[in-house]
Amino acid sequence: MCNTAEVVIIGGGIIGNATAYYLTKLGMKVIVLEGSMHIGNGGSSRNGGGVRQSGRDVRELPLVMYGIKNLWPYLSEELEVDCEYHQDGNLRLGKNDSHKAILTKLADNARSCGLDVRMIDGDEVRRINPYLSEEVTCASWCPTDGHANPLTTTLGFYKAARKLGARFISGEKVIGLKTIKGKIRQVITENNIYEGENVLVAAGYDSRKILGTVDIDVPMTTSLLECLVTEAQPHMFDQMLGTAEADFYGHQTKHGSFVFGGSSGLEPFNKDNGTPVSSPRTAPCICRGIMKYFPNLKDAKIVRTWGGWSDKCADGVPVIGAISEIPGLYAACGFTGHGFGIGPGAANQLAKLIATGTTDVDLTELRYDRFRAKI
């Protein structure tokens with residue numbers, strides 16, 4: 001088969017799949033290369049499912065706001081798959097004055113970008129969600145936030161892109177890029193060479209090594225994200241939840257089970273054998289925190305746990321857009337655990353950028369060249 005396309009995308013997660021979908025909608029020929037044998041095998045299908053604007057860095061806020069206003073409400077119908085999207089708000093919880101200060105600063109920053117988010121006291125928190133304990137004394141409340149199913153959404157973009165003609169090749173590990181006369185041209189795998197006028201690198205932490213083959217170095221490290229899911233419970237609430245210190249976050253799914261993410265604080269010491277591995281320490285730590293917030297869940301049984309490595313950028317926000325040093329090369333990586341919710345908006349604007357050279361949302365603050373030395 002022909003190994004040439006107008007755009008070669010490296011990475012079969014939500015960014016790669018969604019960008020392929022939006023590019024094929026614009027009539028472009030696309031090849032997607034996924035290094036593992038499974039589409040959506042990384043963090044795109046191993047996360048807490050948050051689709052939130054609150055609690056974000058102001059540099060990425062316009063992009064996620066664009067996606068929540070223009071894309072997320074219509075995805076299930078457009079992709080012909082149930083993304084399980086709920087837009088029932090996000091409570092980011094606090095229990096003391098220190099938490100209140102953190103949440104207030106985040107809310108003030110978000111309001112400066114036009115987001116509807118406000119601080120509320122513990123009594124109003126429990127009017128919104130009566131299952132929360134008396135330990136909660138404050139929260140930030142964003143009524144337009146929500147959550148969705150990471151796996152069905154990621155695979156929904158994959159199936160929709162294939163239907164429109166995008167070609168996906170799994171088990172095709174990229175080992176390098178090659179320029180010709182200063183412009184990106186080739187993607188080299190262990191077995192083949194692919195050629196494209198444009199190349200998008202959206203391969204999570206692997207993006208750093210791949211981009212490094214053409215001397216582009218995105219400053220990022222890995223960060224382990226871990227989640228647990230409970231047995232199905234009676235319906236309790238539809239809000240997305242988080243905390244001031246991000247010690248746990250989660251929601252109740254359409255099927256009744258709860259999906260919670262969190263940390264033990266010992267993630268840097270976990271073994272990385274090349275596959276996502278959850279630690280036996282983390283679930284008990286998450287559960288101790290959950291019981292303080294939700295006493296009603298103290299007897300809920302954990303069905304399974306999972307972990308995934310996130311690409312954590314040095315300044316906490318992703319690199320999205322054109323690489324000015326190499327014409328035709330684009331990057332979308334370093335999402336720092338925020339890639340799922342921002343994914344459709346980022347992919348939509350990347351596709352428009354690649355196809356037309358313009359975007360609806362200003363991506364300047366997210367460009368790679370923000371790391372250039374200031375003269």
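- Transitive grouping of hydrophobic side chains (ILVMFWY, heavy atoms separated by less than 4.5 Å) brings L63 and V117 into a common cluster.
- A heavy-atom distance below 4.5 Å is found between the side chains of F260 and I290.
- The backbone N or O of P150 sits nowhere less than 3.5 Å from a side-chain atom of T153 that would complete a donor-acceptor pair.
- Side chains of V317 and T336 form no contact here, defined as non-hydrogen atoms less than 4.5 Å apart.
- The 12-atom threshold is exceeded at NZ of K183, counting heavy atoms of other residues, nucleotides or ligands nearer than 6.0 Å.
- Between the side chains of T189 and N191, no donor-acceptor pair of N or O atoms lies under 3.5 Å.
- At least one donor-acceptor pair under 3.5 Å links the side chain of Q349 to the backbone N or O of D360.
- Put simply, the side chain of Y293 reaches to within 4.5 Å of the side chain of F248, judged on heavy atoms.
- Using a 4.5 Å heavy-atom threshold, the side chains of N348 and Y66 count as touching.
- Between the side chains of S54 and R118, no donor N or O sits under 3.5 Å from an acceptor N or O.
- Each of F335 and I323 belongs to its own hydrophobic cluster when Ile, Leu, Val, Met, Phe, Trp and Tyr are linked at side-chain heavy-atom distances under 4.5 angstrom.
- Side chains of E172 and Y194: a donor on one and an acceptor on the other come within 3.5 Å.
- Side chains of Q239 and D88: a donor-acceptor N/O pair is absent below 3.5 angstrom, by distance only.
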>> Test side chain to side chain contact (heavy atoms under 4.5 Å, CB included) on Y330 and V201; report intermediate values, then the result.
In response: CA-CA 6 Å; Y330 299 82; V201 182; over 6 Å; no
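- The cluster map of Ile, Leu, Val, Met, Phe, Trp and Tyr, joined by side-chain heavy atoms under 4.5 Å apart, puts I68 and Y74 in different clusters.
- Checking E84 against H255 by side-chain atom types alone, a donor-acceptor pair falls below 3.5 Å.
- Under the 4.5 Å side-chain heavy-atom criterion for ILVMFWY residues, a single connected hydrophobic cluster contains both L79 and L350.
- For K312, the NZ atom sits in a loose shell: 12 or fewer heavy atoms of surrounding residues, nucleotides or ligands are nearer than 6.0 Å.
- No donor-acceptor pair under 3.5 Å is formed between the side chain of T19 and the backbone N or O of G16.
- Taken to the nearest 0.5 Å, the CZ atom of F340 stands 7.0 Å off from the CG atom of N149.
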>> Between I216 and E325, is the side chain to side chain contact (heavy atoms under 4.5 Å, CB included) condition met? List the steps.
In response: CA-CA 9 Å; I216 301 299; E325 292 91 332; 4.3 Å; yes
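- Annotation: the span from L61 atom CG to C113 atom SG amounts to 4.5 Å, rounded to 0.5 Å.
- Looking at S140, its side chain never comes within 3.5 Å of a backbone N or O of L103 through a donor-acceptor pair.
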>> One pair to check against salt bridge (Lys or Arg N to Asp or Glu O under 4.0 Å): R370 and D315. What are the steps and the verdict?
In response: CA-CA 10 Å; R370 72 180 185 264; D315 61 354; 2.8 Å; yes
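- Salt bridge status for R111 with D116: absent, with no side-chain N to carboxylate O gap under 4.0 Å.
- Counting all heavy atoms, side chain and backbone alike, L329 lies closest to L211 at CD2-CD2, 4.0 Å.
- Salt bridge status for E190 with K173: absent, with no side-chain N to carboxylate O gap under 4.0 Å.
- Side chain of D145 to main chain of G89: no donor-acceptor pair is present (N/O by atom type, distance under 3.5 Å, no hydrogens or angles).
- Atoms CD and CG, from Q186 and N192 in turn, are 12.0 Å apart once rounded to the nearest 0.5 Å.
- Pairing each heavy atom of S133 with each of K292, the nearest pair is OG-O, 2.6 Å.
- Within the 4.5 Å cutoff, the side chain of L26 has no heavy atoms near those of the I354 side chain.
- Remark: K29 does not engage E197 in a salt bridge, criterion side-chain N to carboxylate O under 4.0 Å.
- In this structure, the side chains of Y205 and S223 stay at 4.5 Å or more apart for every pair of heavy atoms.
- Side-chain polar atoms of E226 and T282 form a donor-acceptor pair below 3.5 angstrom.
- For the pair K254 and Y85, the cation-pi test (distance below 6.0 Å, angle within 45°) is failed.
- A donor-acceptor pair is defined here as one N or O able to donate and one able to accept, closer than 3.5 Å; such a pair exists between the side chain of N96 and the backbone of H99.
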> Yes or no on side-chain hydrogen bond (donor to acceptor under 3.5 Å, both in side chains) for E60 and H338, after CA distance, side-chain angles and deciding distance?
Replying inline: CA-CA 10 Å; E60 64 181 356; H338 301 167; 2.9 Å; yes
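- For the pair N47 and W306, the tightest heavy-atom approach, listed with the atom from each and the gap, is N-NE1, 3.8 Å.
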> Would T24 and R167 count as a side-chain hydrogen bond (donor to acceptor under 3.5 Å, both in side chains) if you check the C-alpha gap in whole Å, the side-chain angles of each, and the deciding distance to 0.1 Å?
Replying inline: CA-CA 10 Å; T24 52; R167 180 182 168 203; over 6 Å; no
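- V125 and M240 end up in different hydrophobic clusters when Ile, Leu, Val, Met, Phe, Trp and Tyr side chains are linked at under 4.5 Å.
- Listed here is the closest heavy atom pair of S76 and C83: OG-N, 3.0 Å.
- Counted by atom type alone, Q53 and T144 present one or more donor-acceptor pairs between their side chains at under 3.5 Å.
- Looking at heavy atoms from C-beta onward, P62 lies out of side-chain contact with E365 at the 4.5 angstrom threshold.
- With R92 contributing its side chain and L241 its backbone, the two residues share no donor-acceptor pair below 3.5 Å.
- Side-chain contact between R367 and V319 is absent, with no heavy atoms from C-beta onward closer than 4.5 Å.
- Here E78 pairs with K25 in a salt bridge; the nearest charged N to carboxylate O distance falls below 4.0 Å.
- S310 contributes a side-chain N or O that, together with a main-chain N or O of G337, makes up a donor-acceptor pair within less than 3.5 Å.
- With E34 contributing its side chain and G12 its backbone, the two residues share a donor-acceptor pair below 3.5 Å.
- Note: I9 CD1 to N17 CG = 8.5 Å, rounded to the nearest 0.5 Å.
- Remark: the backbone N or O of L353 is not paired with any side-chain donor or acceptor of T356 at under 3.5 angstrom.
- To the nearest 0.5 Å, atoms CG (L33) and CD1 (I169) are separated by 5.5 Å.
- You'll find the ring centres of F237 and F258 inside the 6.0 Å limit.
- Contact detail for V30 and A20: the closest heavy-atom pair is CG1-CB, 4.0 Å.
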>> Pair Y22, L71 - check side chain to side chain contact (heavy atoms under 4.5 Å, CB included), show working.
In response: CA-CA 11 Å; Y22 289 119; L71 303 171; 3.8 Å; yes
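- How far CD1 of I39 is from CZ of F168: 6.0 Å, rounded to the nearest 0.5 Å.
- Closest heavy-atom contact between G182 and T179: C-CB, 4.2 Å.
- Taking 4.0 Å as the cut-off between side-chain N and carboxylate O, R126 and E134 count as a salt-bridged pair.
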